Amino acid sequence: MKKFLIFLLISGLVALATIPLWTSKVAENAFEHPNDPKSSEKVKDALLVKIRIQRFKQARRMAEKAILFFPRAKEMPYFLYNAAKCAELEGKYRVAVYWYRKFIRRYPKHIWAQQAKNAMNKLIDLHGLEKSKGPK
């Protein structure tokens, strides 16, 4: 019984360690098939996992790539907002403001629009960013 529990523990640790790898693989596969109707959904799911395990730089890059690959996807608000949020969490404040601004302009009535405005204005005020400038 003791060996079995140790085996389960080790198996669980190995499974956890491979999460970043398989989420990247799922997203890569989706980007290889941009015309597949499920691809943008797969990227959204992989992005959510990356955010939950706090891989913000990887998540932001994945969201930015999704914005380019799936411009008409129903997940677009999710990609734009999370590109901004991840940029903010990784300390890329100008990039975050850029993506928040894009989100607000494109989806002014979205349920996250006010939250995005508040986050963007906070970043502008706290970090002395000019309201009209994008990323540098």
Side-chain angles (χ1 to χ4, degrees):
M1 183 66 167
K2 194 174 186 179
K3 287 181 183 180
F4 180 70
L5 290 175
I6 291 172
F7 172 76
L8 283 178
L9 179 64
I10 291 172
S11 297
L13 291 174
V14 169
L16 284 174
T18 62
I19 288 173
L21 297 173
W22 65 260
T23 55
S24 295
K25 197 67 177 159
V26 166
E28 286 172 25
N29 187 40
F31 288 127
E32 288 173 6
H33 302 95
N35 294 327
D36 181 347
K38 298 278 186 194
S39 288
S40 60
E41 238 176 87
K42 291 176 183 176
V43 172
K44 179 184 174 187
D45 293 341
L47 181 60
L48 178 61
V49 173
K50 291 282 188 192
I51 291 168
R52 285 191 178 158
I53 61 173
Q54 300 182 1
R55 305 290 170 114
F56 302 120
K57 185 175 183 177
Q58 294 172 3
R60 178 181 55 85
R61 287 181 177 169
M62 189 181 293
E64 290 171 343
K65 191 172 180 180
I67 291 165
L68 296 173
F69 273 68
F70 310 112
R72 292 174 189 29
K74 67 179 185 202
E75 293 84 8
M76 184 55 70
Y78 185 85
F79 296 144
L80 285 168
Y81 184 83
N82 282 295
K85 190 66 180 169
C86 289
E88 180 181 355
L89 290 169
E90 73 173 297
K92 304 277 186 184
Y93 304 123
R94 287 188 191 279
V95 176
V97 168
Y98 173 83
W99 287 120
Y100 280 133
R101 186 173 287 121
K102 284 254 190 212
F103 176 84
I104 294 163
R105 284 184 184 152
R106 194 156 176 191
Y107 303 102
K109 305 272 189 221
H110 195 278
I111 60 172
W112 297 339
Q114 189 59 51
Q115 190 173 341
K117 283 179 194 174
N118 293 343
M120 181 182 75
N121 289 332
K122 181 180 99 179
L123 290 174
I124 289 169
D125 291 343
L126 285 175
H127 301 286
L129 304 174
E130 293 182 41
K131 291 193 183 229
S132 63
K133 295 207 175 181
K136 283 188 175 177

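Owing to the predicted nature of the structure, the values given are computational and were not obtained by experimental measurement.
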Test log, rule side chain to side chain contact (heavy atoms under 4.5 Å, CB included), inputs Lys65 and Phe31:
CA-CA 8 Å; Lys65 191 172 180 180; Phe31 288 127; 3.7 Å; yes
Going through the checks in order, is the side chain to side chain contact (heavy atoms under 4.5 Å, CB included) test met by Asn118 and Lys122?
CA-CA 6 Å; Asn118 293 343; Lys122 181 180 99 179; over 6 Å; no
Audit row: Ile51, Leu47, side chain to side chain contact (heavy atoms under 4.5 Å, CB included) steps and yes/no:
CA-CA 6 Å; Ile51 291 168; Leu47 181 60; 4.1 Å; yes
Yes or no on side chain to side chain contact (heavy atoms under 4.5 Å, CB included) for Ile104 and Met120, after CA distance, side-chain angles and deciding distance?
CA-CA 10 Å; Ile104 294 163; Met120 181 182 75; 4.0 Å; yes
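Screening Lys50, Arg55, Lys57 for a side chain to side chain contact (heavy atoms under 4.5 Å, CB included) involving Met62 leaves a single residue, Lys50.
Separation of atoms SG (Cys86) and CD (Gln58) is listed at 10.5 Å; rounding is to 0.5 Å. Atom CZ of Phe70 and atom CG of Asn35 lie 9.0 Å apart (nearest 0.5 Å). To the nearest 0.5 Å, atom OG of residue Ser40 and atom CE of residue Met76 are 8.5 Å apart. Put simply, CG on Leu126 and CG on Asn121 are 10.5 Å apart, with the number rounded to the nearest 0.5 Å. Atoms CZ and NE2, from Phe69 and His33 in turn, are 12.0 Å apart once rounded to the nearest 0.5 Å. Considering NZ of Lys92 and OH of Tyr98, their distance stands at 15.5 Å, rounded to 0.5 Å.
Residues Arg105 and Lys102 form no side-chain contact, since every pair of their non-hydrogen atoms from C-beta on lies 4.5 Å or further apart. Using a 4.5 Å cut-off on side-chain heavy atoms (C-beta onward), Glu75 and Val43 make no contact.
A perpendicular orientation is assigned to the rings of His110 and Tyr107, their planes being inclined by more than 60° (bins at 30° and 60°). Taking the six-membered ring for Trp and thresholds of 30 and 60 degrees, Tyr81 and Phe103 have ring planes more than 60 degrees apart, a perpendicular arrangement.
Partners of Glu88 under the side chain to side chain donor-acceptor pair (under 3.5 Å) rule, at least two apart in sequence or in another chain, are Tyr100. For the side chain to side chain donor-acceptor pair (under 3.5 Å) test, no residue two or more places apart in sequence or in another chain qualifies with Glu41.
The two atoms that bring Val95 and Arg60 nearest to each other are CG1-CD, 4.2 Å, heavy atoms only.
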